[in-house]
Amino acid sequence: MKANVGLFVTCLVNTLRPSVGFAAIQLLEDADCNVSVPSAQSCCGQPAFNSGDDEGTKAIARKLIERFEGFDYVVAPSGSCAAMIRKFDELFENDDPFAERAKSLAGKTFELLSFLVDICDYTVVDSTLDATYSYHHSCSGLRELNVHQQPMKLLKDIKGLQAKPLKGSTECCGFGGTFCVKYSDISNEVVSEKVDNILAANADILLGGDLGCLMNIEGKMNRVTDKEAREKPTSVMHTAELLADLLPSNDS
Amino acid sequence: MKQNKFKRNVSDALNNPKLKVAIRRTTDRADAKRATAVKNFPGFDRTREQGQKIKDHVIEYLDYYLAEFERNAIANGSIVHWAKNAEHASQIVVDICHEQGAKKITRSKSMLGEEIGLPAALDREDFERVETDLAEHIIQLAGDPPSHIVWPALHLTREDVVDLFRENHQNPIESTQVVDLVSSARRELRHHFLSADVGITGANFLVADTGQVCTVTNEGNAELTTTPPKVHIVTAGIEKLVPSIAHAMPLLRLLVRSATGADITQYTTFHNGPKRGTDLDGPEHCHIVLVDNGRTNMLKDDMKEMLRCIRCGACMNHCVVYKHIGGHAYGSVYPGPMGAVITPNIDGLNNAFEPVSACTLNGKCQEVCPVNIPLPTLIRAWRKKAWEKKVDTIRNRFLVACFSQLAQRPRLFQFTTNMAILMMKPFSRRGWIRWMPFAGSWTTNRDLLAPQGQSFIQQYQKNRERHEA
Amino acid sequence: MKHKSDELSRSDQHRKDIFADIKKGKPASNEAIKPEQIEREAQALLDNYVQDRPFALSNEPADELVRRITSGVVIGTTIERLDCTSLLPKAVEIFLDKHDLPNSILLQPSAPLTRLSWGDMGLLANLDQENSVSVCMADLGIAETGSVIIHSSETMPVLMNFLSTYQIITVRKSTVLRHLEDYSEIALRLFGPNKSPRNTTLITGASGTTDIEGELVQGAHGPRHVHIICLDDQ
């Protein structure tokens with residue numbers, strides 16, 4: 001029996017990079033899952049939660065729980081959104097009926113790449129790409145969900161793809177949700193250093209599993225290389241996009 | 001007021017290229033040394049669990065251990081004082097110094113001393129205060145507050161120190177080598193050690209079952225501070241207790257590896273009261289001032305994990321924010337992640353909100369914390385209190401409230417998303433937006449990703465309709 | 001004197017407030033917990049940790065101490081072994097020669113040292129001059145960290161360990177402990193429950209600092225060089 005997976009798209013993917021969402025669907029289907037996308041979805045509530053607005057977060061959480069608890073699994077192409085959904089149970093008092101429901105949802109919510117590897121035993125078959133890559137390990141996925149080896153395992157099986165070490169690959173890129181606009185100048189210093197390290201690594205592609213970090217990094221890299229009037233030497237991709245591109249169905 | 005001040009501090013720090021060099025020279029070294037020390041100690045993770053358990057045990061039975069420590073310290077001839085707050089704690093020390101007719105006072109670095117404002121309190125009474133830790137000596141000459149809890153002079157480069165020593169030391173040196181700078185300080189401070197009337201130290205641990213006060217230093221300045229003068233005064237936070245010397249040992253292993261990357265400090269000393277009858281040296285009087293200053297509030301406020309803190313500084317060495325703005329920008333004695341959690345307790349949330357807010361919650365600090373303090377969780381807990389007390393600006397709160405309202409109405413949220421995509425379109429150039437209204441805080445420093453046509457949900461629905469048709 | 005008693009009563013009030021506030025932060029069920037249980041819990045913490053201390057020390061502790069210091073991880077420290085205490089003056093003389101130091105030392109006023117025959121070596125009264133040398137006997141050693149432990153006593157002034165430029169410390173082979181924790185057992189045996197010397201210092205290397213740009217420099221306030229002499233007392 002195929003597992004029923006509800007895809008939580010995340011607001012950034014929904015707004016700015018739908019290709020990541022479609023890549024996620026392709027990979028999940030390739031992993032033999034039955035994927036549904038509830039159209040009435042919004043945000044995981046992180047901006048409210050991290051601003052201390054627990055009441056607001058609760059209201060967001062209730063809606064998300066109602067919408068997604070019917071699935072066998074909930075999968076998001078983002079470590080930080082998946083980690084947020086896993087934290088919903090902290091919000092509700094013990095006697096609130098949503099506490100139990102939040103806990104149950106937390107147990108079946110996963111970040112996409114770790115879901116593919118840990119739950120679906122998904123492997124990359126017969127893929128070739130002659131390129132080099134560096135990996136940015138996004139903080140929430142890494143430290144809250146322990147997403148680290150899973151993407152590496154998938155990428156290792158792509159023939160011709162070579163890793164280039166990135167200095168500070170597990171360090172924050174300075175995105176931090178509302179942080180990057182609230183403390184724009186500090187964030188800028190942090191992401192500038194990240195971009196320096198990426199450019200020094202000099203890989204063809206920078207990969208990661210969280211669009212927030214990736215758009216922060218790429219946006220800065222764009223600005224820097226533009227200013228220096230040169231081509232961006234490294235392109236930035238969500239790991240799901242790269243993996244989906246290499247599927248036989250996408251052979252062009 | 002305070003918020004503007006933080007922003008100003010940050011701006012000053014970011015516009016000071018020398019500061020960045022200074023911070024990095026130390027933190028990069030410290031990070032690398034810590035990583036090696038941890039790698040070379042296979043039992044580190046289990047020791048970390050052990051350290052956490054020991055601290056939690058003490059916090060659970062804090063009153064029991066405080067009473068036991070007091071009993072044993074008194075039995076060894078010390079006088080134990082209690083201070084609920086900073087002012088009282090400083091006053092106790094000042095009074096003792098006056099009673100003893102002290103003129104010169106040596107002090108060995110203690111963050112608690114900074115916390116209770118002791119240096120300023122001693123200066124107000126015109127005592128000759130001599131800071132003996134090399135870094136504290138440097139910042140005393142510079143007139144700066146400490147910018148790190150382990151390396152208080154981390155914001156200064158060796159070039160700065162050269163200038164300070166040339167201006168202030170009795171026999172200034174020409175050399176700019178660090179080794180010669182250290183010798184210069186050694187010559188300068190030696191006679192102060194031997195001629196002080198009172199020596200003040202903090203405590204890294206208070207050993208309950210013996211009444212011992214443990215200090216750790218690499219320089220040996222704590223012992224030189226406590227031995228020659230007639231009076232030794234200890235100022236210590238009430239959370240510094242350990243049940244016994246054996247319980248202090250795993251914490252020492254963690255503290256030193258996390259702070260400087262060594263296995264142990266050169267001098268780990270257990271002081272216990274005044275000189276005994278047959279001793280050949282040592283102080284005639286020993287006073288121990290036990291300070292609360294917000295610590296019992298942490299017990300009540302669900303912040304008790306913070307009382308585990310052993311002041312190693314690893315959280316700030318590894319904090320992306322600290323590494324760019326340095327310690328002074330925080331405007332408090334304790335900077336970085338641990339400071340963000342402790343300071344609201346001391347200065348009030350209204351005055352200490354910005355450091356709580358200026359954090360990406362990336363979790364690196366907890367990862368390197370030797371006693372596994374959930375710093376991001378505690379920082380968020382302060383944000384929750386701040387939200388309830390309406391501490392942030394009206395504008396910021398309004399934006400978050402609007403977002404919450406939208407996000408709990410998924411259909412409206414999708415509609416707004418679609419509107420936003422439409423609005424972004426005219427500003428898009430080759431997949432990027434250089435500037436658009438209301439996005440200035442993003443686009444000042446980086447480009448904004450332009451939407452790929454319609455939203456994912458719209459595209460997805462359209463695809464399905466096409467399939468079904 | 002009035003001032004003093006005011007201060008004490010004020011301190012008492014603060015003590016009461018602190019204990020009351022600690023109580024407020026705890027569940028009421030904690031009240032019933034007896035000291036014996038707290039002590040049991042504290043002991044259990046130690047018992048559960050034994051195997052996770054650094055290094056499975058397979059060697060004799062003294063061998064391990066020598067190995068560790070020889071490997072160079074203990075800052076500014078050298079070590080040698082000596083078969084018998086009577087050879088100590090000669091070893092000290094060789095050390096002074098090697099480091100081109102004047103032929104005089106400050107000797108710890110302890111019988112096992114003072115009764116040795118020091119020949120024409122000068123005995124200093126203080127450590128004021130540059131390049132001074134002190135010689136003392138440690139009470140214990142610790143293999144894990146390469147430390148020696150010195151207790152203050154009627155024959156051990158604390159200050160002599162912090163003022164000299166060169167510090168020679170002897171430690172008896174049989175007194176070298178494996179791990180830091182082992183010290184607490186010995187201390188209990190030496191001093192009894194709830195007792196300790198006025199001053200106990202674990203010395204692990206020469207005085208040093210990393211306060212300027214994180215760069216390690218030896219000889220901050222105290223000794224620039226430590227020489228350990230491990231005496232075979234079997």
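What you see below is based on every heavy atom in this structure, not just the backbone, and it leaves out hydrogens, waters and symmetry mates. Everything quoted here is computed from the prediction, not taken from an experiment. Every chain is numbered from 1, with letters handed out A, B, ... down the list of sequences.
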- Between B:Ile245 and C:Thr200, does a side-chain contact (heavy atoms from CB on, under 4.5 Å) hold up when you go through it step by step? CA-CA 11 Å; B:Ile245 268 202; C:Thr200 307; 5.9 Å; no
- Apply the test side-chain contact (heavy atoms from CB on, under 4.5 Å) to residues B:Arg186 and C:Arg224: give CA-CA distance (whole Å), side-chain angles for both, the deciding distance (0.1 Å), then the verdict. CA-CA 11 Å; B:Arg186 178 190 173 103; C:Arg224 209 165 272 155; 3.7 Å; yes
- Just do the side chain to side chain donor-acceptor pair (under 3.5 Å) check on C:Ser207 and B:Glu219 with the steps written out, would you? CA-CA 5 Å; C:Ser207 161; B:Glu219 298 177 10; over 6 Å; no
- Query: Passes side-chain contact (heavy atoms from CB on, under 4.5 Å), C:Val217 versus B:Leu134? Steps please.
  - Reply: CA-CA 11 Å; C:Val217 174; B:Leu134 178 59; over 6 Å; no
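Chain C forms the most heavy-atom pairs under 4.5 Å with one residue out of B:Asn297, B:Asp209, B:Thr215, and that residue is B:Asp209. Heavy-atom pairs under 4.5 Å with chain C peak, among B:Pro250, B:Cys214, B:Ala22, at B:Pro250. Among B:Leu290, B:Thr269, B:Val216, the residue making the largest number of heavy-atom pairs under 4.5 Å with chain C is B:Thr269. Contact count versus chain C (heavy atoms, under 4.5 Å) is highest, among B:His271, B:Lys304, B:Glu70, B:Arg24, for B:Glu70. With respect to chain B, the highest number of heavy-atom pairs below 4.5 Å among C:Pro35, C:Gly76, C:Ala42, C:Pro223 belongs to C:Ala42. Looking only at heavy-atom pairs under 4.5 Å with chain C, the residue among B:Lys53, B:Met298, B:Glu223 that has the most is B:Glu223. Ranking B:Val161, B:Asp160, B:Thr47 against chain C, the residue ahead of the rest is B:Thr47, based on heavy-atom pairs under 4.5 Å.
Atoms CD1 and CH2, from C:Ile212 and B:Trp151 in turn, are 14.0 Å apart once rounded to the nearest 0.5 Å. The structure places CG of B:Leu181 at 12.0 Å from CG of C:Asp211, a figure rounded to the nearest 0.5 Å. The structure places OG1 of B:Thr296 at 7.0 Å from CD1 of C:Ile18, a figure rounded to the nearest 0.5 Å. The line from CG of C:Asp17 to NE2 of B:His88 is 10.0 Å long, rounded to the nearest 0.5 Å. In this structure, CG in C:Leu188 is found 10.0 Å from OG in B:Ser244, a value given to the nearest 0.5 Å. Separating the CD atom in C:Gln13 from the NZ atom in B:Lys84 is a distance of 11.0 Å, to the nearest 0.5 Å.
With respect to the salt-bridge test (charged N to carboxylate O, under 4.0 angstrom), the residues B:Asp279 and C:Arg198 qualify. Residues B:Arg295 and C:Asp21 are not paired through a salt bridge, judged by the lack of any N-O separation under 4.0 Å between the basic side chain and the carboxylate. In summary, B:Arg29 and C:Glu213 do not engage in a salt bridge, as defined by a charged side-chain N under 4.0 Å from a carboxylate O.
Remark: side-chain polar atoms of B:Gln50 are paired, donor with acceptor, to backbone N or O of C:Leu45 under 3.5 angstrom. Using modelled atom types, no side-chain atom of B:Arg276 and backbone atom of C:Ser152 make a donor-acceptor pair closer than 3.5 Å.
If you measure heavy-atom distances from B:Leu252 to chain C, you find no contacts under 4.5 Å at all. Looking at B:Leu194, only its side chain comes within 4.5 Å of chain C, counting heavy atoms on both sides. Proximity to chain C (any heavy atom under 4.5 Å) is shown, for B:Ile54, by both the backbone and the side chain. In this structure, chain C has a heavy atom under 4.5 Å from the backbone of B:Thr265, while its side chain stays farther away. Within the 4.5 angstrom heavy-atom criterion, no atom of B:Phe44 approaches chain C. In this structure, the portion of B:Ile238 lying under 4.5 Å from any heavy atom of chain C is its side chain and not its backbone. For B:Val213, no part lies near chain C; criterion is any non-hydrogen pair under 4.5 Å. With a 4.5 angstrom heavy-atom cutoff, B:Val178 touches chain C via backbone and side-chain atoms both. Interface remark: B:Arg253 contributes side-chain atoms only to the contact with chain C (heavy atom separation under 4.5 Å).
Side-chain contact check for B:Gln266 and C:Thr204: no donor-acceptor pair (N or O, by modelled atom type) lies under 3.5 Å. Of the N and O atoms on the side chains of C:Glu39 and B:Tyr64, at least one donor lies less than 3.5 Å from an acceptor on the other residue. Donor-acceptor pairing under 3.5 Å is lacking for the side chains of C:Tyr49 and B:Glu49. Judged by distance alone, the side chains of B:Asp263 and C:Thr145 never bring a donor and an acceptor atom under 3.5 Å apart. No side-chain donor from either of B:Thr210 and C:Ser196 sits under 3.5 Å from a side-chain acceptor of the other.
The two residues B:Leu280 and C:Pro157 come nearest to each other via the heavy atoms CD1-CD, 3.6 Å. Between B:Arg46 and C:Asn48, the shortest heavy-atom contact is NH2-O, 2.9 Å. In plain terms, the two heavy atoms of C:His221 and B:Arg190 that are nearest each other are O-NH2, 3.0 Å. Residue C:Ala220 comes nearest to B:Val182 through the heavy atom pair CA-CG1, 3.7 Å, listed as atom of the first residue, atom of the second, then distance. Nearest heavy-atom pair, B:Asp63 versus C:Phe19, reported as atom, atom and distance to 0.1 Å: O-CE2, 3.4 Å.
Side-chain atoms of C:Asn199 and B:Phe270, non-hydrogen and from C-beta on, never get closer than 4.5 Å to each other. Counting only heavy atoms from C-beta outward, the side chains of B:Glu60 and C:Glu41 never approach each other to under 4.5 Å. Under the 4.5 Å side-chain criterion, counting only non-hydrogen atoms from C-beta, C:Thr209 is not in contact with B:Asn218. Contact check for B:Asn72 versus C:Lys195: no side-chain heavy atoms found under the 4.5 Å cut-off. Side-chain contact between B:Val80 and C:Arg15 is absent, with no heavy atoms from C-beta onward closer than 4.5 Å. Looking only at side-chain heavy atoms (C-beta outward), C:Pro197 and B:Asn272 stay at 4.5 Å or farther from each other. In this structure, B:Thr268 and C:Thr201 have side chains that are not in contact, with every pair of non-hydrogen atoms separated by 4.5 Å or more. Contact annotation: the side chain of B:Ile264 approaches that of C:Leu202 to within less than 4.5 Å [non-hydrogen atoms, C-beta and beyond].
Annotation: C:Phe162 is in aromatic contact with B:Tyr267 [ring centroid separation under 6.0 Å].
The neighbour count for C:Asn131 CG, taken as heavy atoms of other residues, nucleotides or ligands under 6.0 Å away, is above 12. Heavy atoms from other residues, nucleotides or ligands lying under 6.0 Å from CG of C:Asp100 number 12 at most. More than 12 heavy atoms of other residues, nucleotides or ligands lie within 6.0 Å of CD in C:Gln37, so this atom counts as buried by the packing criterion.
Paired with C:Glu215 under the rule side chain to side chain donor-acceptor pair (under 3.5 Å), one option of B:Gln177, B:Arg25, B:Arg158 passes, and it is B:Arg158. Screening B:Val291, B:Asn85, B:Asp292 for a side-chain contact (heavy atoms from CB on, under 4.5 Å) with C:His14, the sole residue that qualifies is B:Asn85.
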